[in-house]
Amino acid sequence: MEVIGKIKLINETQTFGASGFRKREMVVTTNEQYPQMIMIEFVQDKCDLLNNYQVGQDVKVSINLRGREWINPEGVAKYFNSVQGWRIEAIQAEGAAEVPPMAPLDNLETISGTNDNEPDDLPF
């Protein structure tokens, strides 16, 4: 699955426990009629993928949905979901596509000998 939108927030990498588990969160605002602010977490070596991105950039993030169960001290099951990123790439904003440069007009040839009295045989 993918989330496409603009980066709203990139947090610093957090480290947990003796094993050094790493997690880094980002928020992407989607480009929809009703924009959504989606928190996406990157874990372990994927945290470093965010180093080359900044707030305001348009991105496409490849994600996996993760779910888990936790049994609280009263014995009741609680369920949690997370959105985990595993790839990110910059994209151009919609409508901001680069237009190729136009050739200078002084390089164009002029046509001589045209006659406006000739019949127009174009079918439209």
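If you read the sequence from its start, that first residue is 1, and numbering goes on from there. Below, each value reflects all heavy atoms present in this structure, side chains not excepted, and no hydrogens, waters or symmetry copies.
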Looking only at non-hydrogen atoms, find the nearest pair between [X] and [Y] and report the distance.
X   : Y   : value
I7  : M26 : CG1-CE, 3.6 Å
V28 : I4  : CG1-C, 4.3 Å
W70 : F80 : CB-CE1, 3.9 Å
T29 : P35 : CG2-CB, 3.9 Å
Y53 : I88 : OH-O, 3.1 Å

Atom pair [atom1]/[atom2] of [X] and [Y] - distance to nearest 0.5 Å:
X   : Y   : atom1 : atom2 : value
W86 : L49 : CH2   : CG    : 10.5 Å
D58 : K6  : CG    : NZ    : 3.5 Å
K46 : Q84 : NZ    : CD    : 10.0 Å
S62 : I40 : OG    : CD1   : 9.5 Å
I63 : E2  : CD1   : CD    : 9.0 Å

Check: Can you name the residues that form a side chain to side chain contact (heavy atoms under 4.5 Å, CB included) with A77, not counting sequence neighbours?
Finding: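 A77 satisfies side chain to side chain contact (heavy atoms under 4.5 Å, CB included) with E69, I71, Y79 once adjacent residues are dropped.
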
Item checked: I38 with F42, same ILVMFWY side-chain cluster at under 4.5 Å ->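 Yes, same cluster.
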
Notebook entry, point to check: Side-chain heavy atoms under 4.5 angstrom apart, residues restricted to Ile, Leu, Val, Met, Phe, Trp, Tyr: same cluster for V43 and L50?
Noted result: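 In one cluster: no.
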
Item checked: Donor-acceptor contact below 3.5 Å, side chain E89 vs main chain R87 -> no

Next item on the list: Please name all residues satisfying side-chain hydrogen bond (donor to acceptor under 3.5 Å, both in side chains) with N52, sequence neighbours left out, ordered by chain then number.
Entry: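 So N52 forms no side-chain hydrogen bond (donor to acceptor under 3.5 Å, both in side chains) with any residue.
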
Checklist line | Selection residues 14-36 - residue pairs positive for salt bridge (Lys or Arg N to Asp or Glu O under 4.0 Å), sequence neighbours left out | finding: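 Applying salt bridge (Lys or Arg N to Asp or Glu O under 4.0 Å) to every pair that reaches into residues 14-36, excluding sequence neighbours, yields R22-D48, K23-E25, K23-E41.
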
Note to self: Could you check whether atom CE of M39 has more than 12 heavy atoms from other residues, nucleotides or ligands sitting under 6.0 Å from it?
What the structure shows: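 Yes, the 6.0 Å shell around CE holds more than 12 heavy atoms from other groups.
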
Note to self: For a 4.5 angstrom cut-off between non-hydrogen side-chain atoms, does K8 reach V55?
What the structure shows: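 No, every pair of side-chain atoms sits at 4.5 Å or beyond.
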
